[in-house]
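Presented below is the structure to which this report refers.
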Amino acid sequence: MKRKNKISIRILVGILMMVVVLSVSSGIALSTELKRAVIDSYSNYALTYVRAAAAYIDGDTVSHYLETGEKDKYYTDIQNYLESTVDASKQQIKIDYFYVFVPGDEDITYIWDMELEEEPMELLEHYPYSDESAKENANSIMSGEVNTDITNYFDGGTLLLTASVPLLDSSGNPVAIVAADLSVDGINEAGYELLINVSIPIIILMILIEIIYYFYSRKKLVTPIVKLQKATEEIVDNLGNNTSFKIDIHTNDEIEMLAKSFEKMNEKLHDYIIQNETITAEKERIETELSLATRIQADMLPNIFPAFPDRTDFDIYASMTPAKEVGGDFYDFFLIDDDHLGIVMADVSGKGVPAALFMMMSKILIKNQAMISKSPQKILKTVNEQVCANNREEMFVTVWLGILDLKTGVLTAANAGHEKPIIKKPDGDFEVYSDKHGFIIGGMSGISYKEYEIKLEKGSKLFVYTDGAVEATDSQNKLFGTERLLASLNSVKNSSTKEILETVHKDVDLFVGDAPQFDDLTMMCIEYIGSDKETLVVDAENDNLHIVMDFVDSFLEKNSCPMNTQMKIDLSVEEIYVNIANYAYGGGKGDAQISIENNDGNVKIVFSDSGTPYNPLEKPDPDTTLSSEERQIGGLGVFLVKKNMDDVTYEHKNGKNVLTMIKNIK
């Protein structure tokens with residue numbers, strides 16, 4: 001590294017700057033004080049004259065002049081008095097204007113005016129306020145808030161003062177304002193002269209001190225620092241080598257102590273490099289594992305939306321933002337069967353990896369029990385016993401568990417020490433629902449939980465969350481709170497579930513600001529849309545065909561289906577049902593379920609049975625160009641179904657044959 005000898009120059013420049021700053025600041029301070037003293041003196045003189053005038057003038061005459069607008073002998077006497085006062089003031093100050101006025105809403109009305117250099121204002125002549133502050137000052141005097149007012153301002157480079165006092169009537173009430181304007185000359189020139197006279201001697205003295213200090217500092221400061229700089233370069237160049245250094249500095253002061261510290265630093269630096277390499281490698285390993293844990297935890301939670309794209313009877317959205325790399329909050333939702341949706345919102349004690357592990361275990365246990373039982377109280381009781389059986393770390397989790405009947409809208413729920421749910425009716429606002437709380441999961445075995453039911457009407461919304469939402473804290477240690485949460489929800493109450501959660505998250509972030517995130521922020525919103533789906537279950541027998549046809553025709557008629565379209569649907573329904581009745585159970589007994597719904601003019605009919613797996617759509621379509629004698633037997637009925645319907649699909653799901661037909665009836 002090339003050595004740059006600039007320390008001496010910097011010392012010189014620094015002292016020079018200090019000289020300039022000290023000189024200028026001293027001169028400015030003195031000139032400012034002089035100016036203030038002169039202004040105070042002039043202000044006192046001006047107040048003396050206006051107070052004398054206010055005592056001399058009869059305030060009761062003001063109302064007379066305002067009413068008549070006519071001058072009389074008294075008016076002329078006062079005008080002469082003002083003129084003589086202005087003349088007398090020339091020995092002390094220079095009064096430019098001496099006047100009496102009545103302030104109004106938009107302008108002032110002159111009563112008396114005395115001006116030496118310009119034409120004076122006439123009686124009752126109006127003049128606008130110079131600015132809004134002048135109007136405020138006049139009103140303050142007239143209202144009795146202040147007894148005197150001194151205002152100073154610059155006009156064309158000249159400092160002007162205005163002194164104002166109230167003119168009182170015989171009852172002691174302000175009826176007008178007596179004011180005098182005077183110019184204060186020479187203050188700036190005196191300040192500049194004083195600044196120059198003070199600064200020059202100081203600058204000369206400081207330059208002499210600078211020259212002496214420069215040579216002294218060069219010997220005692222610059223030369224040792226240059227040696228330190230060279231030693232530092234050697235340390236850097238040999239950083240990877242275990243080389244010791246001796247620095248030849250003997251100043252018997254702090255610089256020599258610094259040189260010794262450099263020698264010790266070199267020794268410790270080598271040890272630190274070795275330790276740092278080890279720590280860095282370990283830190284990178286931990287960060288990699290935490291990053292993997294974050295992805296695993298995120299993948300454990302449902303995170304693909306829309307979660308059920310083929311379901312139109314409800315909408316759901318959820319999010320989790322952990323306070324650390326991994327968190328203890330979790331949510332879950334899953335279809336127990338076609339008609340029941342499981343909903344879970346939970347918060348594990350603690351943070352970080354232990355909470356994440358406990359969270360994963362709790363989530364799995366809750367879902368497994370929910371797939372067995374549709375009773376939230378039984379599910380929580382069983383999970384609590386399983387957790388307490390092996391919980392040496394004494395961790396716990398708060399859980400809100402609900403099971404929504406998608407047919408009826410009935411929500412059955414139980415609460416294990418969790419936040420209360422928030423519910424919005426179709427035409428209402430989001431409101432907190434005070435539910436029955438049970439004890440936390442993992443706190444004590446043998447606990448029973450109470451469940452309750454809420455009837456969700458079509459269009460209702462359910463919002464569940466962890467305490468990270470209401471307990472979000474800003475830099476002033478204020479909580480976001482339930483009231484702000486409700487206000488945020490209701491600001492977008494008619495929006496989609498995704499937009500609602502995004503708005504709440506944004507509002508929480510804005511409230512918290514730069515404060516660190518204290519707790520995990522987890523939320524879920526469900527809208528119960530419902531459907532007009534109707535379902536029929538019959539024994540899969542040909543004798544029940546008329547029941548199936550009546551069921552379908554009744555629905556089509558209620559939905560104003562055109563007759564020609566209804567005939568095509570009837571033909572297709574009959575074909576599929578007869579196939580189920582004749583072949584699904586191989587001569588045995590079983591049932592057939594038929595569901596039908598109207599989705600904006602698209603009628604969806606679903607047949608399901610538990611018979612032998614069979615996909616009728618796989619059979620090749622018959623060649624309709626051949627005569628009936630030449631065609632193979634079978635397949636024509638399913639072919640007609642595909643021709644008559646807009647869409648036909650098959651799947652084998654949960655041990656059942658499921659065939660779906662869709663037809664637009666608009």
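Proximity of a side-chain donor or acceptor of T382 to a complementary backbone N or O of K378 within less than 3.5 Å is detected. Side chain of S488 to main chain of R484: no donor-acceptor pair is present (N/O by atom type, distance under 3.5 Å, no hydrogens or angles). Looking only at distances, a side-chain donor or acceptor of Y585 sits under 3.5 Å from a matching main-chain atom of S610. A donor-acceptor contact shorter than 3.5 Å is absent between the side chain of N391 and the backbone of V387. Under the 3.5 Å distance criterion, the side-chain polar atoms of N490 are left unmatched by any main-chain donor or acceptor of K493. Proximity of a side-chain donor or acceptor of E385 to a complementary backbone N or O of G446 within less than 3.5 Å is detected. Side-chain N or O atoms of D474 include one that pairs as donor or acceptor with a backbone N or O of K478 at under 3.5 Å. No donor-acceptor pair closer than 3.5 Å links the side chain of E574 to the backbone N or O of L571. When atom types are taken as modelled, the side chain of T522 and the backbone of F330 share no donor-acceptor pair closer than 3.5 angstrom. At least one donor-acceptor pair under 3.5 Å links the side chain of N368 to the backbone N or O of I364.
A salt bridge does not link K420 to D435: none of the charged nitrogens lies less than 4.0 Å from a carboxylate oxygen. Residues D337 and K374 are paired through a salt bridge, judged by an N-O separation under 4.0 Å between the basic side chain and the carboxylate. In this structure, K407 does not pair ionically with D313, as no charged nitrogen and carboxylate oxygen lie closer than 4.0 Å. Salt bridge absent: E651 and K656 never bring a charged side-chain N and a carboxylate O closer than 4.0 Å.
When all heavy atoms of S608 and V658 are compared, the pair lying nearest together is CB-CG2, 4.2 Å. A pairwise comparison of heavy atoms in T473 and V512 identifies O-CG1, 3.6 Å as the closest pair. Nearest heavy-atom pair, I379 versus A370, reported as atom, atom and distance to 0.1 Å: CD1-CA, 3.5 Å. Nearest heavy atoms, K450 versus A414: O-CB, 3.5 Å. The shortest non-hydrogen separation linking E419 to V470 is OE1-CG2, 4.2 Å. Taking all atoms of both residues into account, the shortest heavy-atom contact from I441 to Y449 is CD1-OH, 3.4 Å.
If you take CD1 on I665 and NZ on K568, they are separated by 13.5 Å, rounding to the nearest 0.5 Å. The NZ atom of K381 sits 8.0 Å away from the CD1 atom of I447 when rounded to the nearest 0.5 Å. For the atom pair E431 CD and F463 CZ, the distance stands at 15.0 Å (nearest 0.5 Å). If you take CD1 on I316 and CD1 on I526, they are separated by 4.5 Å, rounding to the nearest 0.5 Å. Distance check, rounded to the nearest 0.5 Å: CE of M361 to CD1 of I366 gives 9.5 Å. Interatomic distance, N599 CG to T312 OG1, rounded to the nearest 0.5 Å: 4.5 Å.
The environment of NZ in K558 is crowded: more than 12 heavy-atom neighbours from other residues, nucleotides or ligands sit within 6.0 Å. Under a cut-off of 6.0 angstrom, the local environment of CE in M549 is crowded, with over 12 non-hydrogen atoms contributed by other residues, nucleotides or ligands. Counting non-hydrogen atoms of neighbouring residues, nucleotides and ligands closer than 6.0 angstrom, the NZ atom of K506 reaches no more than 12 such neighbours. Within a 6.0 Å sphere centred on CG of D310, heavy atoms belonging to other residues, nucleotides or ligands number more than 12. Around the CG atom of N564, the shell of radius 6.0 Å holds more than 12 heavy atoms that belong to other residues, nucleotides or ligands. The environment of K498 atom NZ is sparse: at most 12 non-hydrogen atoms of other residues, nucleotides or ligands sit within 6.0 angstrom. By the neighbour-count criterion of 12 heavy atoms within 6.0 Å, atom CG of N542 is densely surrounded, having more than that number from other residues, nucleotides or ligands.
The side-chain heavy atoms of T660 and I605, taken from C-beta on, include no pair separated by under 4.5 Å. You'll find the side chain of Y317 stays beyond 4.5 Å of the side chain of M523, heavy atoms only. When side chains are defined from C-beta on, S496 counts as touching E499, because their heavy atoms get closer than 4.5 Å. At a threshold of 4.5 Å between non-hydrogen side-chain atoms, the residues V648 and V641 count as touching. Contact check for D646 versus K663: side-chain heavy atoms found under the 4.5 Å cut-off. L659 places none of its side-chain heavy atoms less than 4.5 Å from the side chain of V606. Side chains of V348 and D329 form no contact here, defined as non-hydrogen atoms less than 4.5 Å apart. Side-chain atoms of N615 and H652, non-hydrogen and from C-beta on, never get closer than 4.5 Å to each other.
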Derivation and outcome, side-chain contact (heavy atoms from CB on, under 4.5 Å), residues I403 and I343 = CA-CA 6 Å; I403 297 177; I343 307 166; over 6 Å; no

Go through the steps to decide whether M371 and F334 satisfy the test side-chain contact (heavy atoms from CB on, under 4.5 Å), and finish with yes or no.
-> CA-CA 9 Å; M371 302 305 292; F334 44 86; 3.9 Å; yes

Steps toward salt bridge (Lys or Arg N to Asp or Glu O under 4.0 Å) verdict (K461, D315) = CA-CA 9 Å; K461 290 176 181 174; D315 181 34; over 6 Å; no

Verdict with reasoning, M345 to H418, per side-chain contact (heavy atoms from CB on, under 4.5 Å) | CA-CA 8 Å; M345 181 60 63; H418 197 73; 3.4 Å; yes

Start with the C-alpha distance between V464 and I422, add both sets of side-chain angles, then the distance that settles side-chain contact (heavy atoms from CB on, under 4.5 Å), and finish with yes or no.
-> CA-CA 6 Å; V464 287; I422 297 177; over 6 Å; no

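Tested against H505, the residues T503, D509, D507 include a single side chain to side chain donor-acceptor pair (under 3.5 Å) partner, D509.
Judged purely by distance below 3.5 Å, without hydrogens or angles, the side chains of D539 and N544 never pair a donor atom with an acceptor atom. No side-chain donor from either of D609 and Q593 sits under 3.5 Å from a side-chain acceptor of the other. For the residue pair T398/D347, the side-chain donor-acceptor check at 3.5 Å is not satisfied. There is a side-chain donor-acceptor pair under 3.5 Å between E451 and S375. Side chains of Y650 and N657: a donor on one and an acceptor on the other come within 3.5 Å.
Residues Y577 and F551 keep their aromatic ring centres 6.0 Å or farther apart. Aromatic ring centres of Y528 and F314: separated by at least 6.0 Å.
Ring orientation note: the planes of F305 and F333 are tilted relative to one another, at an angle of 30° to 60°.
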